[in-house]
Every structure is written in C-alpha cells, then in structure tokens.
K.L.:
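Here it is, the structure in full.
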Amino acid sequence: MPLALYNTLTRRKESFVPIDPADVRMYVCGPTVYDRAHIGNARPVVVFDVLYRLLKRLYPRVVYVRNITDVDDKITARAAAGGRSIDAITGETIRFFHEDVETLNALSPDVEPRATLHIAEMIRMIERLMEQGHAYGAAGHVLFSVASAPDYGVLSGRSREEMIAGARVEVAPYKQDPADFVLWKPSPPDLPGWDSPWGRGRPGWHIECSAMAHLYLGNSFDIHGGGQDLIFPHHENERAQSVCTHGGPFVRYWLHNGWLMVEGEKMSKSLGNVITVRQLLEQGVAGETIRLVLLATHYHQPLDWTEAGVRQAKGTLDRFYTALRAVADVPAQAVEATEVMGALCDDLNTPRALAALHETATALNKAVHRNDKARLKGELLDGTAVLGLLAQTPEAWFRGGTDSTAIEILIARRTAAREGRDFAEADRIRDALRQKGIILEDSATGTLWRRT
RNA sequence: GGCCGGGUGGCAGAGUGGUGAUGCAGAGGACUGCAAAUCCUUGGACGUCGGUUCAAUUCCGGCCCCGGCCUCCA
C-alpha cells in the first residue's frame with residue numbers, strides 16, 4: 001500500500017519513496033531530560049511510534065533513532081536549583097521517561113543516543129564546518145555562518161531578512177551576521193564542559209542532532225520528525241549544519257506534529273496547566289487512554305487536551321474491549337485491516353483509522369456466524385495493533401488491579417436472589433457494587449462485571 | 001510587525017466540486033424482572049462577505065476570529 005506523508009519542506013503531501021527500501025531510516029527529536037514528560041512530550045512519542053509501526057509493516061527493515069538531550073542549560077539550572085548533580089537529574093529523568101513511554105505502549109527506538117556520549121562526533125563536525133568556511137570562531141564561541149548556507153530558510157519558509165527584521169532577541173556582538181548561531185560555547189568551571197580545540201566548552205543545541213543522525217543514519221536519510229515548534233530554529237539550523245558538512249541532501253521528508261493545548265489554553269508553566277503523564281496515571285487514567293486521546297486528532301492539527309476528551313477515549317476503548325470480550329472464545333483470523341492501513345498510509349490519518357475500527361467493532365457486535373466473528377476479530381486486532389492499541393486482554397482492561405473474590409461472592413448472592421425472584425435484594429447488591437465502581441452486566445450465560 | 005496553520009452539527013473529529021464520515025451526547029424502539037451491554041431508527045454542520053462554476057462546506061480573494069513560530073519550548 002503506497003504511503004503518503006505531508007512534507008514540511010515542500011508543504012505538500014507527497015508519496016513516500018525511501019532512499020533504500022531495504023533500509024528505511026527515521027530520526028525523531030527526543031526529550032531534554034530535566035523534568036517528567038508532559039502530554040506535549042508524549043504526543044510526538046505516540047505519533048511517531050505509529051509511523052514506526054506502520055513503516056515496519058511496509059518495509060523489511062526500519063531504523064528509528066530518537067535522541068536524548070542530556071546537556072542543556074535547563075538541566076544545569078535544575079541541578080543548581082535543587083542542589084543535585086546533573087547526572088543524578090538526567091539519569092532519573094531518563095528512567096522516568098522510559099517508564100512513562102512504556103505505559104503509552106510506545107515501542108523502543110532502535111537507537112536512543114545521548115548527547116553527552118557523542119561530544120567527539122560533534123567536535124569533528126564543527127571542525128569540518130570550519131574547514132569548509134561554514135563556521136568561525138569568535139570570543140571563545142564557534143558560530144555557524146548562515147550566509148554560507150545556500151538555501152537557508154527553505155524548511156521554515158522564511159528569508160534571512162525576515163528573521164533579522166523580526167528578531168526580538170539582542171544580537172550578540174561577536175556574531176558576523178545577526179542570524180548566525182552557536183555551534184560551541186565556552187563553559188566556566190562550574191558548568192558542564194568538555195575539552196575541545198576551542199577550549200573547555202559545551203555544544204550548541206542543534207549540533208547534537210546533526211552529529212548523531214549522521215552517525216546512526218548516514219549523510220542522508222528518509223524521515224525526520226518532531227514538534228512543530230522545532231521547525232525554527234532547531235530543524236532549520238540542524239539542516240543547514242548537516243547539508244553544509246556533507247554536501248548533498250540531508251532529510252527527504254520532514255514531519256511535524258501540531259501543538260497541544262489544555263482546555264482551550266496554551267499549555268505552559270506560567271499558566272500552571274502543564275499535565276504530566278505521571279499525573280494522569282496517578283489520577284487513574286490508563287496509559288492506553290492517554291495514547292488514544294493523542295491519536296484521536298490528526299497529528300498535524302492542534303490538539304486540545306480536555307477532560308471530556310479523556311472520557312471519550314476511555315469510552316471508545318471500553319467499546320472496543322467489549323466487542324473483543326464477547327468473542328473471547330473465537331480465535332482471531334489473520335487478516336489485514338485494509339481500511340485502517342489505507343487511512344494511516346494517507347498521511348497517518350488516525351481519526352479515519354479509528355472511524356474504520358468503530359465500524360469493524362459494530363460489525364463484530366452484530367456478527368452471528370463464527371467465521372464472520374473470527375474474521376472481524378482479526379481485523380479489529382490487526383487495525384488496533386498498528387495503532388498500538390488493544391494491547392491487553394479485555395479481562396485486564398476491565399478488571400485489572402481489582403480484587404475479584406469479594407465481587408464474585410456478591411454476584412453469586414445476587415444470582416441466587418434473582419433465581420428466587422427477590423429482585424429487591426438483587427438490585428440492592430447491584431447498587432452497592434455500583435457505589436464501588438463495579439458495573440454488572442447480566443447475560444444469558446451469566447453475569448459479567450467490570451470497573452467503571 | 002513578519003511568517004505559518006486553522007475555523008465543520010450539543011461535543012470530539014475526518015472528508016469531499018454534485019448522493020451530508022465516525023464516535024459520544026439527545027430522541028424513539030428491540031432485548032432485559034429492572035438495568036448494563038448490544039442492535040435498529042432518528043434530528044442536527046460546514047466563521048463571514050464576495051468571485052469562479054450548471055453546481056461550493058469543498059477552488060479563488062477580502063474580512064473577522066483562534067492558535068503557533070520569529071535563536072535554544074515537543
């Protein structure tokens with residue numbers, strides 16, 4: 001099935017043609033590890049996880065690299081404020097990040113390189129840029145010369161003049177050109193630093209991605225992803241560095257996910273409405289529910305995170321798991337969810353894929369013949385698998401973490417009451433369980449229960 | 001100020017030059033002791049003003065509103 005992706009570089013949806021179909025390569029900007037992952041961090045993780053799963057179905061080999069930025073002024077500031085070492089903070093935050101990402105059912109990337117372990121590669125790249133006249137030293141810094149990059153600005157769609165005219169930040173006096181940016185900056189003894197030809201210092205923000213992408217994916221690769229806010233300056237600068245270092249094309253398809261809002265407002269520290277994955281989990285929102293909320297809006301659109309949206313995602317998963325539970329005794333047939341694949345191959349249209357899954361669920365609920373059930377069950381499971389959903393059993397989804405013994409005893413008592421036509425007692429037991437968040441469902445074959 | 005994206009029914013959210021996705025919520029019905037779940041039926045939309053067209057929610061332009069970026073925020 002042909003895949004089409006919206007390419008930020010051309011501002012068009014294009015058919016995806018890999019450089020080497022036997023070795024598809026993707027790089028996604030990962031977290032800066034100084035704090036717990038919030039839902040804005042979770043969005044690209046989940047979105048590009050779906051793309052990764054899709055690519056793995058379409059191509060025999062996919063290499064997915066997602067970096068970890070573990071040197072950054074925000075980390076340094078956090079360390080200074082909390083009186084903790086940088087290593088303690090980054091180590092803990094990486095552990096937390098992995099925990100959170102696992103609850104979101106995101107697959108691990110093939111490579112997850114840390115910036116601090118690739119300083120040598122960065123230095124080498126900066127040296128090459130200097131040799132080629134794309135970079136210069138000034139006041140202990142090394143700066144990238146934007147004027148030397150022929151097509152600088154094509155990714156973000158802005159001219160150098162516009163950027164300089166619109167700049168709100170004072171231009172450092174040592175820059176030859178106001179648009180030039182830092183490749184390497186000096187570090188005083190109290191800040192993290194590495195020895196380099198330009199003295200003890202630390203890398204600028206963009207060079208780590210250029211260096212690590214080059215190391216693991218080569219001069220040029222297929223897909224580069226990240227949040228929309230990274231288009232400028234991060235990806236524009238990263239692209240300029242890489243193109244100037246290696247000559248030819250860098251990335252074929254640039255993909256950017258939209259911004260996330262909370263209850264209609266921008267999510268920001270100043271508004272105090274930042275929601276972390278951890279907070280949601282502690283409130284009892286399942287990781288799978290979080291994942292579905294993030295996939296219920298097309299990745300390119302802004303996503304408004306709301307309580308209502310969380311409830312709706314939970315309801316959708318209840319519906320899917322209910323359909324699955326009803327056919328627990330029917331083995332799934334191995335079929336491809338072609339509607340879902342078609343939707344995802346159309347620029348990762350997850351809402352359309354979910355609509356198709358709803359229709360499959362309805363058909364499954366209606367099916368009477370065993371072979372229809374087997375086929376539709378297979379279709380539902382295949383489609384949700386690409387989306388990374390329905391990864392658990394209905395049993396675990398509906399009852400996970402609940403002590404069932406007491407509930408089973410009450411259900412047995414209620415069944416006895418019903419058999420004796422004592423509906424007042426039966427309803428009393430049902431209401432008592434409902435108070436505890438347990439919903440009963442009577443059927444011809446017995447009484448089922450689930451948590452709300 | 002410059003650049004970019006968006007405005008779809010009560011809500012969420014796709015899509016399309018001409019038969020109005022999908023889900024939730026609402027209404028009615030089937031099933032049930034009553035529920036729950038499930039199934040069936042059903043009302044309801046394309047910010048605004050113009051233009052192109054036989055025909056526009058869909059293409060073009062103006063306007064209004066919302067969001068984002070503009071040197072280190074995913």
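Side chains included, hydrogens not; waters and symmetry mates left out as well; all remaining heavy atoms used. Order of the sequence lines sets the chain letters (A, B, ...), proteins ahead of strands, with each chain counted from 1.
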K.L.:
Just N and O in the side chain of A:N349: are any of them under 4.0 Å from OP1 or OP2 of B:G15?
P.N.:
yes

K.L.:
Side chain of A:E441: nearest nucleotide among B:U38, B:A36, B:G33?
P.N.:
B:A36

K.L.:
If I pick the P atom on B:G26 and the same atom on B:C11, what distance separates them, to the nearest angstrom?
P.N.:
15 Å

K.L.:
Determine the Euclidean distance between corresponding P atoms of B:U22 and B:C39; express it in Å to zero decimal places.
P.N.:
13 Å

K.L.:
Got a donor-acceptor pair under 3.5 Å from the side chain of A:R43 to the base of B:A74?
P.N.:
no

K.L.:
Can you check the distance between B:C63 and B:A27, where both ends of the measurement are the C1' atom (answer in whole Å)?
P.N.:
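Here B:C63 and B:A27 have their C1' atoms 39 Å from each other.
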
K.L.:
If we take the P atom in both B:U42 and B:G23, what is their distance in whole Å?
P.N.:
13 Å

K.L.:
Would A:R36 count as a cation-pi partner of A:F96, with NZ or CZ less than 6.0 Å from the six-membered ring centre and within 45° of the ring normal?
P.N.:
yes

K.L.:
Without decimals, in angstroms, what is the distance between A:R78 CZ and B:C73 P?
P.N.:
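Taking CZ of A:R78 and P of B:C73, I get 13 Å after rounding.
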
K.L.:
Evaluate whether the aromatic ring of A:W259 and the six-membered ring of the B:A74 base sit under 5.5 Å apart, centre to centre, with an inclination under 30°.
P.N.:
yes

K.L.:
Check whether NZ of the Lys or CZ of the Arg A:R202 lies under 6.0 Å from the centre of the six-membered ring of A:W194 and within 45 degrees of that ring's axis.
P.N.:
no

K.L.:
Does the pair A:Y253 and A:H224 meet the rule for a side-chain hydrogen bond (donor to acceptor under 3.5 Å, both in side chains), with working shown?
P.N.:
CA-CA 6 Å; A:Y253 305 90; A:H224 191 125; over 6 Å; no

K.L.:
Among the candidates B:U38, B:U22, B:A14, find the nucleotide nearest to the side-chain atoms of A:T322.
P.N.:
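The answer is B:U38.
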
K.L.:
Between B:G61 and B:A56, how far is it from one C1' atom to the other, in whole Å?
P.N.:
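Result for the C1' pair: 15 Å, nearest Å.
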
K.L.:
Looking for any heavy atom pair under 4.0 Å, which part of the strands does A:L230 touch: base, sugar-phosphate only, or nothing?
P.N.:
sugar-phosphate

K.L.:
Can you see if the side chain of A:T297 gets near the phosphate of B:G13 - specifically, an N or O under 4.0 Å from OP1 or OP2?
P.N.:
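A:T297 to B:G13 OP1/OP2: side-chain N or O found under 4.0 Å.
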
K.L.:
Side chain of A:L260: nearest nucleotide among B:A74, B:U71, B:A14?
P.N.:
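Nearest listed nucleotide: B:A74.
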
K.L.:
Partner lookup for B:G26, please. Criteria are Watson-Crick or G-U wobble with both distances under 3.5 angstrom; report none if nothing qualifies.
P.N.:
B:U42

K.L.:
Establish, with yes or no, whether the OP1 or OP2 oxygen of B:C39 is under 4.0 angstrom from a side-chain nitrogen or oxygen of A:R319.
P.N.:
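For B:C39, OP1/OP2 do have a side-chain N/O of A:R319 under 4.0 Å.
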
K.L.:
What interatomic distance, in whole Å, is found between C1' of B:A25 and the corresponding atom of B:G44?
P.N.:
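Approximately 12 Å lies between the C1' atom of B:G44 and that of B:A25.
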
K.L.:
Can you figure out which of B:G33, B:C73, B:C34 approaches the side chain of A:K74 most closely?
P.N.:
B:C73

K.L.:
Can you measure A:I429 atom CD1 to B:G33 atom P for me and round it to whole angstrom units?
P.N.:
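Those two atoms, CD1 and P, are 18 Å apart.
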
K.L.:
Pair A:H256, A:H300 - check ring-ring contact (aromatic ring centres under 6.0 Å, His included), show working.
P.N.:
CA-CA 7 Å; A:H256 294 95; A:H300 213 254; 8.4 Å; no

K.L.:
Kindly say if A:K266 contacts the phosphate of B:C69, meaning a side-chain N or O under 4.0 Å from OP1 or OP2.
P.N.:
yes

K.L.:
Which listed nucleotide (B:C4, B:U38, B:C34) is nearest to the side chain of A:R11?
P.N.:
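Ranking B:C4, B:U38, B:C34 by closest atom to the A:R11 side chain puts B:C4 first.
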
K.L.:
Round to a whole Å and report the spacing from CG of A:L354 to P of B:A14.
P.N.:
10 Å

K.L.:
Measure from the ring center of A:W205 to the ring center of A:H234 and say whether it is less than 6.0 Å.
P.N.:
yes

K.L.:
Taking CG from A:L292 and P from B:A14, how many angstroms apart are they, rounded to a whole number?
P.N.:
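About 13 Å, once rounded to whole Å.
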
K.L.:
Tell which nucleotide pairs with B:G67, taking only Watson-Crick or G-U wobble pairs whose two distances are both under 3.5 angstrom.
P.N.:
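Paired with B:G67, as far as the under-3.5 Å criterion goes, is B:C4.
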
K.L.:
Of the listed nucleotides (B:C72, B:A35, B:C39), which one gets closest to any side-chain atom of A:D442?
P.N.:
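Looking only at heavy atoms from C-beta outward on A:D442, the closest nucleotide is B:A35.
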
K.L.:
Determine the Euclidean distance between corresponding P atoms of B:C24 and B:G67; express it in Å to zero decimal places.
P.N.:
31 Å

K.L.:
In this structure, how many angstroms lie between the C1' atom of B:U22 and the CD atom of A:E359, rounded?
P.N.:
6 Å

K.L.:
Rounded to whole angstroms, how far apart are NZ on A:K373 and P on B:U38?
P.N.:
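Answer to the nearest Å: 15 Å.
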
K.L.:
Picking from A:K74, A:R278, A:R78, what satisfies salt bridge (Lys or Arg N to Asp or Glu O under 4.0 Å) with A:D35?
P.N.:
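When salt bridge (Lys or Arg N to Asp or Glu O under 4.0 Å) is applied between A:D35 and each of A:K74, A:R278, A:R78, only A:R78 qualifies.
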
K.L.:
Hey, does A:H206 reach any base, or is it just sugar-phosphate, or nothing, if we go heavy atoms under 4.0 Å?
P.N.:
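If one applies the 4.0 Å heavy-atom cut-off, A:H206 turns out to touch nothing in the nucleic acid.
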
K.L.:
Just the rounded figure in Å: distance from C1' of B:A21 to NE2 of A:H298.
P.N.:
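After rounding, the gap between these two atoms is 16 Å.
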
K.L.:
Please state how far atom NZ in A:K13 lies from atom P in B:G5, giving the value in whole angstrom units.
P.N.:
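About 15 Å, once rounded to whole Å.
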
K.L.:
Please give the distance between the C1' atoms of B:G9 and B:C4 as a whole number of Å.
P.N.:
29 Å

K.L.:
If you only use heavy atoms from C-beta on, which nucleotide in B:U22, B:G68, B:U71 is closest to the side chain of A:A355?
P.N.:
B:U22

K.L.:
Checking only heavy atoms, does the side chain of A:R311 share a donor-acceptor pair with the base of B:C24 at less than 3.5 Å?
P.N.:
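No.
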
K.L.:
Side-chain N or O of A:K366 versus OP1/OP2 of B:C40: is the shortest distance under 4.0 Å?
P.N.:
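Answer is yes, contact under 4.0 Å.
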
K.L.:
If you take atom types as modelled and just measure distance, does the side chain of A:Q312 reach the base of B:G23 with a donor-acceptor pair under 3.5 Å?
P.N.:
yes

K.L.:
Check whether A:F398 forms a cation-pi arrangement with A:R325 (NZ or CZ under 6.0 Å from the six-membered ring centre, at most 45° off the ring normal).
P.N.:
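Yes, cation above the ring, under 6.0 Å and within 45°.
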
K.L.:
Looking at the side chain of A:T362, which of B:G23, B:C34, B:C69 is the nearest nucleotide?
P.N.:
B:G23

K.L.:
Taking any strand in view, what nucleotide pairs with B:U57 in a Watson-Crick or G-U wobble way, both distances under 3.5 Å?
P.N.:
none

K.L.:
Indicate, yes or no, whether a donor-acceptor pair under 3.5 Å links the base of B:G33 to the side chain of A:R418.
P.N.:
yes

K.L.:
Where the side chain of A:H358 is concerned, which of B:G33, B:G23, B:A14 is the nearest nucleotide?
P.N.:
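For the A:H358 side chain, the nearest candidate turns out to be B:G23.
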
K.L.:
Taking the minimum atom-to-atom distance to the side chain of A:A179, which one of B:U71, B:A35, B:C72 wins?
P.N.:
B:U71

K.L.:
Do A:E425 and A:R428 sit within salt-bridge range, that is, some charged N less than 4.0 Å from a carboxylate O?
P.N.:
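Salt bridge between A:E425 and A:R428, a charged N being under 4.0 Å from a carboxylate O: yes.
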
